[in-house]
Structures are given as structure tokens and as C-alpha cells.
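Within every chain, numbering begins at 1; the chains are lettered A, B, ... in the order of the sequence lines, protein sequences first and strands thereafter.
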2 protein chains.
Amino acid sequence: MSSKREALLSAAKDLLWEHGYEAMSPAKVLEASGAGQGSLYHHFKGKKDLALAALEQVSAEMQSEIRRLFDGTGRPLARVEEYLLSKRDGVKGSRLGRLALEYSILTDDELRQPIANYFSLVEEKIRNAVRDAAQLGLINPDLDADQVAVTLVAMIEGGFLLSRVHKNPAPMERAAQGALFMLRALATRDIPNWMKRTDAPAVTRRTPNA
Amino acid sequence: MSSKREALLSAAKDLLWEHGYEAMSPAKVLEASGAGQGSLYHHFKGKKDLALAALEQVSAEMQSEIRRLFDGTGRPLARVEEYLLSKRDGVKGSRLGRLALEYSILTDDELRQPIANYFSLVEEKIRNAVRDAAQLGLINPDLDADQVAVTLVAMIEGGFLLSRVHKNPAPMERAAQGALFMLRALATRDIPNWMKRTDAPAVTRRTPNA
DNA sequence: GTCTATACGATGATAGAC
DNA sequence: GTCTATCATCGTATAGAC
């Protein structure tokens, strides 16, 4: 059967993480996988098709991980805390977030979608956990759950970015700690008016132009 | 004198913002600036030299803006709030942060430096404002000022990233609002032990390998 | 200082043998 | 399915005229 297909996909996943999409050349994929040109263009239509398959696989893996993390049975906010405190290599970067700023990703909705889907899921899981916590009286029910979700994810991804800029793992760790603190602060404080929930739908529930 | 030099630099600055470093080809710069090959390689040693000059100019401009913002005379934390609430185009992206995740930037310290310098300055200004606030009794003096600075900047840059992933300006705005809330929450609450200042130096004060 | 013409490797894809 | 040529194009830089 297709033995080289897996090798190509695996190499592409690694190279996407390390070099990004634009800098992932077919030649590098071939070298890393041990396959020849023929295998690549037999199993995939070209570079973009390979990258898309690899991205969808990475996105699926990471979504599984998120579901596993959030489908626990403890305190709702404990699951969020677990997400925030996951082990991360700040300098290596967020496996999907790392690609998010590339021009090719912004301009190609097919490539952007698996990345957006992952983040939409994380945001949704945090939103739901915050709502669950509110129903159980563990957090202020006036809190805008979507606002909280977006803010926490932004802290994590921003921490990755700063760690890379400074080539230093510390900012990632500090940002994650800051996110944890914010969550705990929110769980116990009065919420300012502008932070309160409105009837507007969640903004990042689904991505436009997808 | 050098009339085309400015045109080349200006075009490079725009293209770096829009396309990033890897996707900024000399050909595109020439087209956007109206200059020919000769001008480019007369004024600059090559693509990297041009990009470096452009990046340093952008970094200097943005550092001036930050100094202007933080050298005000109001409440120390008011300056930080002003930074957090600056107008931003989330989908277009952070002018310097946008480049931070590229492989070429990570692996070339010369290119990384102007970006890192900008973020180091922002972090330093926030740190100092938090310390000033502590001295004036406006914020808990046990707070780790560096932790706060890194966390707030991470929220802003993470907001940019999410806006780009979702092609939607809303996450950027929500992250900035969340950052504002966190700052205000910190100014009034008890600080958990792990958030407290230690004698360790600020981690991102200067970048390693620079 | 600026231009056009040219060189040359890398990128991304194709052709055809096995 | 996989391999080794081969190819057109682009990205980057140089040469030399004006």
C-alpha cells in the first residue's frame, strides 16, 4: 500500500511546525521523508495539497487533545486551568498558531480553516466551562463567557509570540501564569459593566469567509 | 541625492507589514517603489540589508510612539490603559509582532533584534508604570511588575493573532478589553503568592543571543 | 544614481522508466 | 507506487551602459 504517504505527511507536519508553510519546500519534505518526487505527486496534487492534509491532521490531533482535556468531570474551571497550565515549548512555538500570521494563510481560506477550527474549538470549550461554572454559582453569571475565552487564548498565543521574539521560554510561562491569575480573579470579583454579557452572539464561534 | 532610497525603504516597510519578510521579494519592492534593480543594489547590500534598514526604521518609529505615550504625567496606570486601548487593525496585524513567528526571523538575530527591542521597551515602560503605581500606593506593592508587563503585551499580540486566524477584528478588541480588565483587577485585589515579586531579574529586559 | 540585461540557484511541477 | 530525469518560473544578485 502507501508506505511513503505516511512518511511524507509526517515530514510535512514537522516542517510546518518548524519552518512554517511558505518556507516548507517540497524538496525539504522529500529529504526529511526519504521519498522521491514521484511519491509526493502521486499521493498529493502538490505542495498545498500536502500541507493541507498535514494541517488537517495536526488540527484533528490537537482538537482531540482539547476534547480530552475538557471532557473531564471535575470543577468546570479546573479544566480551563489545566489547559492554561499545559506544558509548552515557548521558543518552538504554538503548533498551529505559529502559522497564523503568514500571508499565504491569511489569503488562502482552505489553509486557514484547520487552524481557525482548532482555535474556535478551544474558545468554545472555555466558553462552555465558564457558563457551566456560572450555572453552578462558581463564577459571576454576568460575565461574558466569550470575552473570557478569547482573552485567555490570546494570552497563551501572545506568550508564544513573546517567547519567540526574545528566544526565551520565560515569557510563555509568565503569560500562562497571568492567564491563570486572571481566571481566578474573574471567578471572585465584581464584573465591570463593559465586561458583562450582552445578547450579541459569540464573535469567534465560526469564522467568516470559510 | 538619493531619491529612490526613500522610495525603496518606504515600499519595503509596507511590504514587510503586509507580506512578512520571507514573502517580501526584491522584485515586489522594485515594482512598489518604481525603482530599478540598480537603485536597490546601489543603496543596499541586498534583500536582508534593505529589510533590516526598514525594520530598524519601523522599530524606531514605534518606540517613539511608545515613549510619547508613556512619558505623560497622569496616573501611572492611565498610561498603560492608553496603550491597551490604542486603535488597532486586528486583521492587518501587529506591525512588528506580525513578523515575530517567521523562521528567518528566529534564526537571524540581526533581523530579530529591532523587533525584540520594541517589545522590550513596551515591557519596560509597563513595568516602570506598575512600579510607580506601587510607590504611590495605587497598586499592591507585592505585585511582580515584570509578570504584569509580559502578560499584558501577550494579550495584545495574542489578540492580533486571533483576529488574523478568524479574519475578524473582534478578537483583537476583546483581548484589549480583557487586558484592561486584568490591569484594573490587579490594581485592587490581593495578589496570590506565585504572582509576587521575587529577587530574580526581569526575564525579558534584554534578549539573549543579541 | 539609475537603468537594462544577464546569470544562476531554488522552487514547484511534469514525464516517463521501472 | 516509486524512482530519476527534466522543465518553466521565480527569487536574488551581478555587470556594465548611461
Just how far, in rounded Å, is [atom2] of [N] from [atom1] of [X]?
{"X": "A:L40", "N": "C:dA15", "atom1": "CG", "atom2": "P", "value": "16 Å"}
{"X": "B:L8", "N": "C:dG1", "atom1": "CG", "atom2": "C1'", "value": "11 Å"}
{"X": "A:E31", "N": "C:dT11", "atom1": "CD", "atom2": "C1'", "value": "15 Å"}
{"X": "B:L30", "N": "C:dG1", "atom1": "CG", "atom2": "C1'", "value": "14 Å"}
{"X": "B:L15", "N": "D:dT12", "atom1": "CG", "atom2": "P", "value": "12 Å"}
{"X": "A:L50", "N": "C:dT11", "atom1": "CG", "atom2": "P", "value": "15 Å"}
{"X": "A:E22", "N": "D:dC10", "atom1": "CD", "atom2": "P", "value": "16 Å"}
{"X": "A:L52", "N": "C:dG12", "atom1": "CG", "atom2": "C1'", "value": "17 Å"}

Do [X] side-chain atoms and [Y] backbone N/O form a donor-acceptor pair below 3.5 Å?
{"X": "B:S59", "Y": "B:I115", "value": "no"}
{"X": "B:E102", "Y": "B:Y21", "value": "yes"}
{"X": "B:S39", "Y": "B:A35", "value": "no"}

Select one nucleotide: of [options], the one nearest the side-chain heavy atoms of [X].
{"X": "A:Q37", "options": "D:dA13, C:dT2, C:dT14", "answer": "C:dT14"}
{"X": "B:K47", "options": "D:dT12, D:dC3, C:dA13", "answer": "D:dT12"}
{"X": "A:H43", "options": "D:dA13, C:dT2, D:dG1", "answer": "D:dG1"}

Does a nitrogen or oxygen in the side chain of [X] sit under 4.0 Å from OP1 or OP2 of [N]?
{"X": "B:Y41", "N": "D:dT14", "value": "no"}
{"X": "A:H42", "N": "D:dG1", "value": "yes"}
{"X": "B:K48", "N": "D:dT12", "value": "no"}
{"X": "B:S3", "N": "C:dG1", "value": "no"}

5'-most contact on DNA chain C (nearest-nucleotide basis), A:A27 vs A:K45, goes to A:A27

Are A:E65 and A:R68 close enough for a salt bridge, meaning some N to O gap below 4.0 Å? yes

Without hydrogens or angle criteria, can the side chains of B:Q147 and B:T151 be said to hold a donor-acceptor pair below 3.5 Å? yes

